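Predicted, not measured: the structure shown is a model, and the values here were computed from it.
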Amino acid sequence: MAQIVFGLASSHSPQLSTPSEGWLGRGERDKGNTMLYGTDGIHSNYEDLLARTDVNRIAKEITPQKMEERHQRNQKGIAKLSEALYKANLDVLVMLGDDQQEYLTDDNMPAFCVYWGGEVNVPGRGAAPSTGNQPLIGYRSDDQMVPTHPALGQHMIEYLIESEFDIGTSKFLNPDKGGASQGGIGHAFGYVYHRLMTDKLIPALPFMVNTYYPPNQPTPKRCYDLGRAIRNAMEAWPVQARVGVLASGGLSHFVVDEELDQWAIEGMKEKSIAKLSNLPRERLNAGSSEIRNWISAAGAAEHLEMELIDYVPCYRSPAGTGCGMGFATWS
């Protein structure tokens, strides 16, 4: 039988690929972001958020020195994840990520969707930005066709249906849909190929979770239960295979919420369904909603031990906008 032998999770924010001197520019663009939820869970515009923020505290978080130190920590976290991914010697990788109306749009938005077609297109990102005088570690700039795993996809769908998960399915990426992805797989999965899977291509099963869009966002407990069901599905697959599970996205953003991030990390490390179930739903919106992907990975890797490689709160504006970057493995 197949076994999940390794898990990993990573933030995928564009800020990871932005040199620190560009962070304040991203913070300026947050002034027009319509999806800002404060650490109090209140949906706000930038000015209202700024009025509720301890600007003196945040000022200490957005100095050039602190932002550059955090940028370097992010690059080290990505490099460690990439190294660990290849060291695990996987035959297949189940990738959990959200789609932000790149492929799944309002005409059909399933809570869970398995892609079980053939290879998929990963759009390139153009020339790699630099950090200081050094290029970013492991940055793919070209378009590429990457292998998926249709046989595992069919097995996964059938097993999860029997396990009472109503799974959406797709085996075709429509080139007329998808906005920026231009008929390719969404950015949550593209990040894996651009920054983590930069050497040998591991056959992968893209598993989309609707973290962003009400009203059918799955609850944290449902996400954990999904992860457990994915592990059971792998163990029922009559193929000898070393399987990894990966979560792409999170942690908190577009407002950094360190309390929420630590709450989620502790719940996953402790394998505490109660703690994860009690995550405040009003704070699991916008980018922070992607914590759900991590929770599913934690459920799938429940038999393994989680190691937090790093947690880096990356502020980029006086209102506390930015991203809580996380990098973790299960082994």
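- Within a 6.0 Å radius of CG in Asp54, more than 12 heavy atoms belonging to other residues, nucleotides or ligands are found.
- Relative ring orientation between His12 and His187 is described as perpendicular, the plane-to-plane angle rising above 60° on a 0-90° scale split at 30° and 60°.
- Nearest heavy atom pair, residue Met67 against residue Ile62, reads CE-O, 3.4 Å.
- Cation-pi check for Arg222 over Phe165 is met; the charged atom lies under 6.0 angstrom from the ring centroid and within 45 degrees of its normal.
- The pair Lys221-Asp225 meets the salt-bridge criterion, since a charged nitrogen lies less than 4.0 angstrom from a carboxylate oxygen.
- No donor-acceptor pair closer than 3.5 Å links the side chain of Ser252 to the backbone N or O of Ser288.
- Listed for the Tyr191 side chain is no donor-acceptor partner under 3.5 Å among the backbone atoms of Ser248.
- Asn216 places a side-chain N or O within donor-acceptor distance of the main-chain N or O of Met109, the cut-off being under 3.5 Å.
- Counting only distance, with no hydrogens or angles, the side chain of Arg242 and the backbone of Asn89 share a donor-acceptor pair below 3.5 Å.
- Counting all heavy atoms, side chain and backbone alike, Phe254 lies closest to Leu36 at CB-CD2, 3.8 Å.
- Defined by atom type and a distance below 3.5 Å, a donor-acceptor pair is missing between the side-chain atoms of Gln262 and Tyr311.
- Residue Glu266 places its CD atom among more than 12 non-hydrogen atoms of other residues, nucleotides or ligands, all under 6.0 Å distant.
- The minimum heavy-atom distance between Leu96 and Phe189, with the atom names listed, is C-CE2, 4.2 Å.
- In this structure, Arg283 contributes its side chain and Thr39 its backbone to a donor-acceptor pair below 3.5 Å.
- Note that OG1 of Thr148 is 10.5 Å distant from NZ of Lys171, once rounded to the nearest 0.5 Å.
- In terms of heavy atoms, Ile230 sits closest to Phe207 at CD1-CE1, 3.9 Å.
- Arg52 has a carboxylate O that lies under 4.0 Å from a charged side-chain N of Asp40, or vice versa, which qualifies the two as a salt bridge.
- Of the residues Gln72, Arg70, Lys66, the one that meets the side chain to side chain contact (heavy atoms under 4.5 Å, CB included) test with Glu68 is Gln72.
- No donor-acceptor contact under 3.5 angstrom links the side chains of Tyr159 and Glu235, judged on distance only.
- Arg195 and Gln75 share a side-chain donor-acceptor pair at under 3.5 Å.
- Between the side chains of Gln15 and Arg316, at least one donor-acceptor pair of N or O atoms lies under 3.5 Å.
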